[in-house]
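Encoded as structure tokens, the structure appears first; notes follow it.
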Amino acid sequence: MDTPEFKTRSEVGELVPHAGKMLLLDRVIRHDLNEVSIETEVDINESCMFYRDDRQGVPSYVAFEYMAQSISALSGVYGRTLGQKPREGFIMSVSNCKLLVPVFKAGDVVRIRVKQTMRVDMAVTFDGAVYVGDTLAVSASLCTVEVDDPMSILKMN
């Protein structure tokens, strides 16, 4: 397992192509490029982008974006070993989704774990699990695609 080295939002921001309120991750706890996995955390509070006063927290379906940004951070960690900037990617599908809690409450520390399970060219599948403490809150498989130029896939010839 590689040594964690991204303990602040600004350090995490160097790994993902998000900034400001769209940067949702607070820190990278650990990553392992041999296993192709990463563990990140989000502190739930009223300043979180998707915080809802009526729920006193963040709806658990936001975990998919937490997983996606964790995947992006893993790509960013790998890219750094090659001297590359963070690449953009897209979630193509989500399967085997289980939302076991309705909301992440203010004060919760949400831990996100993702691990690559398959890669075919630019298409990559990950298993993701999101925990509050030791309790599994959300799990899913995400099929993603990583691209060099996101605008090129929008052009139709």
Taking [X] first and then [Y], would you say they form a salt bridge - that is, a charged N and a carboxylate O separated by under 4.0 Å?
X	Y	value
R27	D43	yes
D26	R9	yes
E14	R80	yes

Single-linkage hydrophobic cluster, 4.5 Å side-chain cutoff, [X] and [Y] together:
X	Y	answer
F50	Y61	yes
L100	L142	no
M118	L74	no
I112	M49	yes
L136	V114	no

Item to check | Any donor-acceptor N or O pair under 3.5 Å, side chains D32, S37 | outcome: no
Item to check | Test item: side-chain donor near acceptor, T125 and T117, under 3.5 Å | outcome: no
Could you check if a side-chain atom of [X] sits within less than 4.5 angstrom of a side-chain atom of [Y], using non-hydrogen atoms only?
X	Y	result
S70	F126	no
H18	Q69	yes
E65	L24	yes
P59	P102	no
C97	L99	yes
Y51	V62	no
F104	V138	yes
V109	V132	no

Next on the checklist: Closer than 3.5 angstrom, by distance alone: can the side chain of D121 be matched with the main-chain N or O of A123 as a donor-acceptor pair?
Outcome noted: no
Item to check | side chain to side chain contact (heavy atoms under 4.5 Å, CB included) between V12 and L23, worked out | outcome: CA-CA 8 Å; V12 174; L23 174 59; 4.1 Å; yes
Item to check | L33 vs V77, side chain to side chain contact (heavy atoms under 4.5 Å, CB included): CA-CA, chis, key distance, verdict | outcome: CA-CA 8 Å; L33 296 178; V77 168; 4.0 Å; yes
Checklist entry - What do the steps show when you test M92 against T144 for side chain to side chain contact (heavy atoms under 4.5 Å, CB included), and what is the final call? => result CA-CA 5 Å; M92 301 305 289; T144 65; 5.8 Å; no
Next on the checklist: Determine whether Y78 and Q84 satisfy the following criterion, side chain to side chain contact (heavy atoms under 4.5 Å, CB included), listing intermediate values before the conclusion.
Outcome noted: CA-CA 9 Å; Y78 178 72; Q84 299 173 347; 5.7 Å; no
Checklist entry - Distance under 6.0 Å and angle within 45° of the ring axis: does R113 meet both against Y131? => result yes
Next on the checklist: Using every non-hydrogen atom in the two residues, find where I91 and F64 come nearest and quote the distance to one decimal.
Outcome noted: CD1-O, 4.1 Å
